[in-house]
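Quick notes on the structure that follows.
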Amino acid sequence: MEIILASNSPRRRQLLAGLDINFKVMVSDDIDESYPHDLPVEQVPVHIAKAKAKAYEKVIHDDQLVITADTVVVLGNLVLGKPKSRQEAIDMLKALSNQTHRVITGVCLTTIKQQRTLSVVSEVSFKQLTDEEITYYVDKYQPYDKAGAYGIQEWLGYVGVTALNGSYFNVMGLPVQRIYQELVEMCGFDGLIRGDKALLC
């Protein structure tokens with residue numbers, strides 16, 4: 001079974017590579033990432049991950065498995081996606097300052113014959129961030145491709161995160177432990193290693 005990661009994210013590529021599996025990257029631009037406004041926030045990432053998977057339904061083959069994912073930051077009941085401007089990024093980080101928020105990643109694993117979805121939640125707490133810390137981070141790291149306007153693996157994660165409950169890799173954007181378990185169930189991987197790659201399917 002050929003594994004396809006349908007993502008432009010270098011972090012997701014790095015995390016999936018950490019499972020020692022062979023995969024290739026395929027990205028479609030024709031994806032609607034909108035969602036119903038009355039959809040419970042916990043369901044938003046899976047909804048978007050399934051929408052991303054739909055873009056590949058007509059192009060994947062019998063021997064391919066596509067992984068799509070979406071990550072959102074949730075503060076209370078407010079979904080924070082990717083900031084569209086410098087000011088929006090600053091405003092998001094000010095809102096997250098001295099608060100605990102949830103990071104939810106929805107994942108969809110799709111083949112011609114079946115589709116599985118999963119959702120993983122992590123809780124992240126920030127210290128009280130100063131205006132100077134926020135503007136320094138936004139201006140230097142340009143976090144416009146990151147939900148909630150931050151990457152936990154970057155400077156702000158080092159200086160600002162006071163507590164983490166759940167998967168660190170989920171906060172980075174891909175809950176690889178859960179994905180590994182799903183791939184084991186879907187592909188029958190029995191834990192054997194041959195050469196330098198884990199055998200899947």
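Every value quoted in this text rests on a predicted model; they were computed, and no experiment measured them.
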Contact check, side chains of [X] and [Y], non-hydrogen atoms, under 4.5 Å:
| X | Y | value |
| --- | --- | --- |
| Leu75 | Thr100 | no |
| Tyr144 | Val138 | yes |
| Ile152 | Tyr158 | no |
| Glu154 | Lys146 | yes |
| Arg11 | Thr71 | no |
| Ile104 | Val74 | yes |
| Val103 | Val121 | no |
| Val25 | Arg13 | yes |

Taking a hydrophobic cluster as the set of Ile, Leu, Val, Met, Phe, Trp and Tyr residues connected by side-chain heavy atoms closer than 4.5 Å, whether directly or through intermediates, do [X] and [Y] fall within one such cluster?
| X | Y | result |
| --- | --- | --- |
| Val120 | Leu39 | no |
| Val176 | Met186 | yes |
| Val73 | Leu164 | yes |
| Leu174 | Val72 | no |

Inter-residue atom distance [X].[atom1] - [Y].[atom2], 0.5 Å rounding:
| X | Y | atom1 | atom2 | value |
| --- | --- | --- | --- | --- |
| Lys140 | Leu156 | NZ | CG | 13.0 Å |
| Met172 | Gln14 | CE | CD | 4.5 Å |
| Asp145 | Lys82 | CG | NZ | 6.5 Å |
| Arg102 | Asn165 | CZ | CG | 12.5 Å |
| Gln128 | Gln99 | CD | CD | 8.5 Å |
| Phe23 | Asp20 | CZ | CG | 10.5 Å |

Over all heavy atoms of both residues, which pair between [X] and [Y] is shortest? Give the atoms and the distance, please.
| X | Y | value |
| --- | --- | --- |
| Gly173 | Thr105 | O-CG2, 3.8 Å |
| Gly148 | Leu93 | O-CD2, 3.7 Å |
| Ser7 | Ser9 | OG-N, 3.0 Å |

Handout entry: Test ring pair (Phe, Tyr, Trp, His ring centres under 6.0 Å) applied to Phe126 - qualifying residues, sequence neighbours left out
Key =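 Checked Phe126 against ring pair (Phe, Tyr, Trp, His ring centres under 6.0 Å); matches are His101, Tyr150.
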
Practice task
Would you please classify the geometry between the Tyr136 ring and the Trp155 ring as parallel, tilted or perpendicular, with 30° and 60° separating the classes?
Solution key: perpendicular

Exercise for the section: Please say which of Ile3, Leu118, Thr68 ends up in a side-chain contact (heavy atoms from CB on, under 4.5 Å) with Leu109. Expected result: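 Option passing the side-chain contact (heavy atoms from CB on, under 4.5 Å) with Leu109: Leu118.
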
Without placing hydrogens or testing angles, list every side-chain donor-acceptor pair under 3.5 Å for residues 43-54, not counting sequence neighbours.
| unit_1 | atom_1 | unit_2 | atom_2 | d |
| --- | --- | --- | --- | --- |
| Lys52 | NZ | Ala69 | O | 2.7 |
| Lys52 | NZ | Asp70 | OD1 | 3.4 |

Problem - Within 6.0 Å of CZ in Phe169, more than 12 heavy atoms from elsewhere - result: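 It does not: Phe169 CZ has 12 such atoms or fewer within range.
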
Exercise for the section: For atom NZ of Lys127, decide whether the heavy atoms of other residues, nucleotides or ligands shown that lie under 6.0 angstrom number more than 12. Expected result: yes

Exercise for the section: Salt-bridge test for Glu182 and Arg116: reply yes if a basic N is under 4.0 Å from a carboxylate O, no otherwise. Expected result: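 Here Glu182 pairs with Arg116 in a salt bridge, since their nearest N and O are under 4.0 Å apart.
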
Validation: residues 59-67 side-chain donor-acceptor distances under 3.5 Å, sequence neighbours left out:
| unit_1 | atom_1 | unit_2 | atom_2 | d |
| --- | --- | --- | --- | --- |
| Gln64 | OE1 | His61 | N | 2.8 |
| Gln64 | NE2 | Glu2 | OE1 | 2.7 |

